Amino acid sequence: MTLMAIYPKIRDVHPIPYEQNGNPAFLLRDPLQLNGHMLVIPEAIAPLLYIADGTRNTGVLATILNYHYGLQISEKEVADILSIFDDAFLIDNDRSREAHAAALAEYRKAEYRLPASAGGSYPADPAKLHQLIQDFLEHAETEPDIRPVAGILSPHIDFDRGGDTYALVWKRASAALQEADLIIIIGTDHYSGKDGITLTRQHFATPFGVLPTDQDAVNLLANSIGQEQVFSGELFHKTEHSIELPLVWLHHVIGGKEVSILPILCGNLDPEDDWFERFIEALKTISATRKTFTLISGDLAHVGPAFGGDPVSENGRARIHKSDTALLDHLVSGDSEGFLRQIRAIDNANNVCGTFPLYLAMQAFGFTSGDVHGYQQCPADEAMTSIVSIGGIVFR
């Protein structure tokens, strides 16, 4: 295709800071993984990701890069770069839309969703995975809660960093999980770039087997706000880790017990949207007619250079701890509005990724009390200047 005569729009890709041959660069992660690998671009041309928005031709793009960003780049060089993007399906056009449709069809016809993070965030070998989780559980200084437990907040960070907090909250919930026949899991939608709710009808595989998705529950939720709205981003379920990682712990903790799941990806929500209350009522209907357990998958702060911020000092760590503690206090007292208010007051400057899964669950299921089990600040870069904070909660 000739890019010289069109107005190219780069799809929503996620640039990850990187170093190539000693020079600053970015890895471009395609959340849909239409091409199967990541491109590397020099840091200097990263502005192209934002200015190629479908309103400018290659000549204008070259002019902006030259005069506003100090590059010495020709229109032909810009077009050549965009051709590479196009080859990787990173341009929003017919080619990428056809690739998306093909990938979605393949995802839907598969027998189940494959575990995308196995071998990375956790061991792919079932025996090694079982031993890893069991070791964390055995060293967790707590016991299964014998009181009623309605749901939990679980991390979704990799197991090596977050295993201690995973273990505390999952061990506390282990007895209650034996009573449930449907696990409603609400996870953070990290990648879609869209607001709202995304569902899937796919079953979920873990190294321990397959957890079936309850089709009736999915249909009830989808019909409450519209099929097109909830399935338009379904392919993001293929690689999203926020549902996959806690399901591995679920599968381990329940052992051979049969249970079905209801996987929900949650982006930004506005309680004023006309569909919000309908969705809440549909969730209430499901929980009123089934023995449900609510699994909320969310981490807390993401701060530091790895997330586009300044390096985190010891004072910064203390500040994050204080902020996280206040958020957790809101949650365990059932104050969902105070929780959301605190995050919005600073425009979510700490990048709390579990905001809307937690808010949605508390609105739907009316959690009024809970206990915190586990808190960690996990390193997010080699220099130890970026952190991800996580916490576990048992809700009643």
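The model shown is predicted, which means the values in this text are computed figures rather than measured ones. By convention here, the first residue in the shown sequence is residue 1.
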- Could you go step by step and tell me if Lys257 and Asp181 meet the salt bridge (Lys or Arg N to Asp or Glu O under 4.0 Å) rule? CA-CA 9 Å; Lys257 173 182 167 57; Asp181 60 25; over 6 Å; no
Pairwise side-chain contact, [X] with [Y], heavy-atom cut-off 4.5 Å (strictly under):
{"X": "Trp275", "Y": "Ile197", "answer": "yes"}
{"X": "Phe395", "Y": "Leu153", "answer": "yes"}
{"X": "Phe159", "Y": "Leu132", "answer": "yes"}
{"X": "Asp80", "Y": "Ile84", "answer": "no"}
{"X": "Leu328", "Y": "Ile393", "answer": "yes"}

If we ignore angles and hydrogens, is there a donor and acceptor under 3.5 Å between the side chains of [X] and [Y]?
{"X": "Ser313", "Y": "Asn315", "value": "no"}
{"X": "Gln215", "Y": "Asn219", "value": "no"}
{"X": "Asp381", "Y": "Thr385", "value": "yes"}
{"X": "Gln134", "Y": "His252", "value": "yes"}
{"X": "Tyr122", "Y": "Asp158", "value": "no"}
{"X": "Asp135", "Y": "Gln131", "value": "yes"}
{"X": "His302", "Y": "Asn351", "value": "no"}
{"X": "Thr142", "Y": "Arg172", "value": "yes"}
{"X": "Thr239", "Y": "Gln33", "value": "no"}
{"X": "Tyr359", "Y": "Glu337", "value": "yes"}
{"X": "Thr213", "Y": "Tyr112", "value": "no"}

[X]/[Y] ion pair, N-O < 4.0 Å:
{"X": "Arg344", "Y": "Asp347", "result": "no"}
{"X": "Arg108", "Y": "Glu234", "result": "yes"}
{"X": "Arg396", "Y": "Asp145", "result": "yes"}
{"X": "Asp216", "Y": "Arg290", "result": "no"}

Rounded distance [0.5 Å steps], [atom1] in [X] versus [atom2] in [Y]:
{"X": "Met362", "Y": "Phe339", "atom1": "CE", "atom2": "CZ", "value": "8.0 Å"}
{"X": "Ser386", "Y": "Phe307", "atom1": "OG", "atom2": "CZ", "value": "6.0 Å"}
{"X": "Leu283", "Y": "Arg278", "atom1": "CG", "atom2": "CZ", "value": "13.0 Å"}
{"X": "Ser297", "Y": "Ile243", "atom1": "OG", "atom2": "CD1", "value": "7.5 Å"}
{"X": "Ile10", "Y": "Asn93", "atom1": "CD1", "atom2": "CG", "value": "11.5 Å"}
{"X": "Arg113", "Y": "Leu247", "atom1": "CZ", "atom2": "CG", "value": "8.5 Å"}

Taking atom [atom1] as the centre, does [X] end up with more than 12 heavy-atom neighbours from other residues, nucleotides or ligands that are less than 6.0 angstrom away?
{"X": "Ile146", "atom1": "CD1", "result": "no"}
{"X": "Glu138", "atom1": "CD", "result": "yes"}
{"X": "Asn268", "atom1": "CG", "result": "yes"}

Side-chain ([X]) to main-chain ([Y]) donor-acceptor, under 3.5 angstrom:
{"X": "Gln363", "Y": "Ser336", "result": "no"}
{"X": "Tyr166", "Y": "Pro155", "result": "yes"}
{"X": "Lys171", "Y": "Ala140", "result": "yes"}
{"X": "Gln229", "Y": "Gly226", "result": "no"}
{"X": "Gln20", "Y": "Pro42", "result": "no"}
{"X": "Glu244", "Y": "Lys238", "result": "no"}
{"X": "Gln72", "Y": "Asn66", "result": "no"}

**Prompt:** Between Asp189 and Cys266, does a side chain to side chain contact (heavy atoms under 4.5 Å, CB included) hold up when you go through it step by step?
**Reply:** CA-CA 5 Å; Asp189 189 343; Cys266 185; 5.7 Å; no
| Stepwise side chain to side chain contact (heavy atoms under 4.5 Å, CB included) check, Thr58 with Tyr7 | CA-CA 7 Å; Thr58 50; Tyr7 293 75; over 6 Å; no
Aromatic ring centroids of His130 and His251 under 6.0 Å?
-> no
- request: May I ask you to check whether Tyr107 and His237 place their ring centres under 6.0 Å from each other?
  value: no
What is the ring orientation for His241 with His190, classed by angle as parallel under 30°, tilted 30 to 60°, or perpendicular over 60°?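 Because their plane-to-plane angle is under 30°, the rings of His241 and His190 count as parallel.
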- Query: Any idea how Phe136 and Trp249 line up, ring-wise: parallel (<30°), tilted (30 to 60°), or perpendicular (>60°)?
  - Reply: tilted
Same cluster or not: are [X] and [Y] linked, directly or through other Ile, Leu, Val, Met, Phe, Trp or Tyr residues, by side-chain heavy atoms under 4.5 angstrom apart?
{"X": "Val13", "Y": "Tyr50", "result": "yes"}
{"X": "Leu358", "Y": "Leu265", "result": "no"}
{"X": "Leu269", "Y": "Phe279", "result": "yes"}
{"X": "Val352", "Y": "Ile296", "result": "yes"}

Atom of [X], atom of [Y] and distance for their closest heavy-atom approach:
{"X": "Lys284", "Y": "Ala364", "value": "CG-O, 3.2 Å"}
{"X": "Thr188", "Y": "Ser242", "value": "O-OG, 2.7 Å"}
{"X": "Tyr375", "Y": "Ser389", "value": "OH-CB, 3.6 Å"}

Under the criterion side chain to side chain contact (heavy atoms under 4.5 Å, CB included), I'd like the reasoning laid out for Leu262 against Leu221: C-alpha separation, chi angles, the key distance, then a yes or no. CA-CA 10 Å; Leu262 175 54; Leu221 291 183; 3.6 Å; yes
Working for ring-ring contact (aromatic ring centres under 6.0 Å, His included), residues Phe89 and His100:
CA-CA 9 Å; Phe89 303 114; His100 182 189; over 10 Å; no
**Message:** The test is side chain to side chain contact (heavy atoms under 4.5 Å, CB included); show your working for Leu250 and Trp170 and say whether it passes.
**Reply:** CA-CA 8 Å; Leu250 170 69; Trp170 282 97; 3.7 Å; yes
